[in-house]
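Worksheet: the structure to be examined is printed underneath.
The analysis underlying the following values was restricted to heavy atoms, covering all of them including side chains, and did not include hydrogens, waters or symmetry mates. We number each residue from 1, following the sequence as shown.
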Amino acid sequence: VQLQASGGGLVQAGGSLRLSCAASDGTFSRFATGWFRQAPGKEREFVAAIAWRGSPTRHANSVRGRFTISRDNAKDTIYLQMNNLKPEDTAVYYCAAKSQEFGGSALYTETSQYDYWGQGTQVTVSS
């Protein structure tokens, strides 16, 4: 499956953005998905994950209460709503997908667990 991330941009601290990640082949409903981010000079880190049916979800401590992951399987798209953005949220954001069995509810937080990656979208938060 090919993933296409979009929605990044430049925003002031306290602002909001919504990232989208669309899948190419209409089978997204059988994939667990997640968002990661990578700041310059740092390793890629987990942001949020969501199981194939839309729940459960998990968010990193650093974004909990500000970011929300969701998905619309009918549109083969996942979202990351980012509110109250901070300068430390500046990074390239990547979506990722992993095949998940029907009825599965596992969440994946490690980069090595994912099979497919989008190209990344830049988020820059100015102070």
Side-chain angles (χ1 to χ4, degrees):
V1 61
Q2 292 185 336
L3 306 178
Q4 180 71 39
S6 62
L10 173 64
V11 64
Q12 289 187 332
S16 298
L17 285 173
R18 188 176 80 157
L19 306 183
S20 299
C21 178
S24 61
D25 65 355
T27 62
F28 217 26
S29 61
R30 290 295 180 262
F31 287 80
T33 55
W35 287 98
F36 290 75
R37 66 186 182 185
Q38 188 167 19
K42 295 187 177 181
E43 293 187 352
R44 194 169 298 188
E45 66 175 3
F46 169 74
V47 175
I50 187 168
W52 72 271
R53 66 173 63 194
S55 65
T57 63
R58 182 176 297 169
H59 298 79
N61 289 339
S62 59
V63 306
R64 189 171 296 124
R66 300 187 298 122
F67 292 10
T68 303
I69 190 171
S70 63
R71 66 190 296 160
D72 185 340
N73 287 339
K75 297 182 178 180
D76 286 324
T77 303
I78 65 168
Y79 304 97
L80 185 68
Q81 178 66 44
M82 304 187 296
N83 298 328
N84 190 22
L85 282 159
K86 302 176 181 180
E88 51 263 43
D89 295 319
T90 296
V92 178
Y93 283 70
Y94 297 90
C95 56
K98 174 182 173 62
S99 298
Q100 188 163 50
E101 70 280 8
F102 182 80
S105 60
L107 298 173
Y108 305 98
T109 62
E110 301 294 330
T111 57
S112 59
Q113 294 175 305
Y114 286 88
D115 303 312
Y116 305 98
W117 290 86
Q119 85 288 359
T121 184
Q122 176 71 46
V123 172
T124 303
V125 185
S126 63
S127 58

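- Note on Y116: it does not cluster hydrophobically with Y79, by side-chain heavy-atom contacts below 4.5 Å among ILVMFWY residues.
- Screening residues 75-127 for disulfide (SG to SG under 2.5 Å), with sequence neighbours left out, gives C21-C95.
- Sorted by first then second residue, the salt bridge (Lys or Arg N to Asp or Glu O under 4.0 Å) pairs that include residues 92-119, not counting sequence neighbours, number zero.
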**OP:** Give the C-alpha distance, both sets of side-chain angles, the deciding distance and a yes or no for side chain to side chain contact (heavy atoms under 4.5 Å, CB included) between Q122 and L10.
**Re:** CA-CA 8 Å; Q122 176 71 46; L10 173 64; over 6 Å; no
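- In this structure, W35 has no ring pair (Phe, Tyr, Trp, His ring centres under 6.0 Å) partners at least two apart in sequence or on a different chain.
- Closest approach of T77 and S20 over heavy atoms only: CG2-CB, 4.2 Å.
- Sequence neighbours left out, not one pair with a member in residues 41-76 passes disulfide (SG to SG under 2.5 Å).
- The other residues sharing a hydrophobic cluster with Y108 are F36, F46, V92, Y94, Y114, W117, where clustering joins ILVMFWY side chains under 4.5 Å apart.
- Pairs of residues two or more places apart, or lying in two chains, never qualify as disulfide (SG to SG under 2.5 Å) while including a residue from residues 43-81.
- Remark: side-chain polar atoms of H59 are not paired, donor with acceptor, to backbone N or O of G65 under 3.5 angstrom.
- For the atom pair K86 NZ and S127 OG, the distance stands at 14.0 Å (nearest 0.5 Å).
- Sorted by first and then second residue, the salt bridge (Lys or Arg N to Asp or Glu O under 4.0 Å) pairs involving residues 55-70 (not counting sequence neighbours) are R66-D89.
- Side-chain heavy atoms closer than 4.5 Å link hydrophobic residues (I, L, V, M, F, W, Y) into clusters, and following such links, possibly through other members, connects V63 to M82.
- Shown are L19, L3, T33; of these, the side chain to side chain contact (heavy atoms under 4.5 Å, CB included) with I78 is made only by T33.
- S105 contributes atom OG, which lies 7.0 Å from atom CD of Q100 (distance to the nearest 0.5 angstrom).
- Minimum heavy-atom separation, A51 to S55: CB-O, 3.4 Å.
- Across A48 and L80, no two heavy atoms sit closer than the pair CB-CD1, 4.2 Å.
- E45 meets the salt bridge (charged side-chain N to carboxylate O under 4.0 Å, His left out) test with R37; sequence neighbours excluded.
- In this structure S24 satisfies the side-chain contact (heavy atoms from CB on, under 4.5 Å) test together with V1, Q2, sequence neighbours excluded.
- Of all heavy-atom pairs between A13 and P87, the closest is CB-CD, 4.1 Å.
- Residues satisfying the side chain to side chain donor-acceptor pair (under 3.5 Å) criterion with Q81, sequence neighbours excluded, are N83.
- Closest non-hydrogen pair, V123 versus L17, comes out as CG1-CD1, 3.9 Å.
- Nearest heavy atoms, A5 versus T121: CB-CG2, 4.3 Å.
- Remark: N73 engages R71 in a side chain to side chain donor-acceptor pair (under 3.5 Å) (not counting sequence neighbours).
- Residues passing the side chain to side chain donor-acceptor pair (under 3.5 Å) test with Q38 are R44, sequence neighbours excluded.
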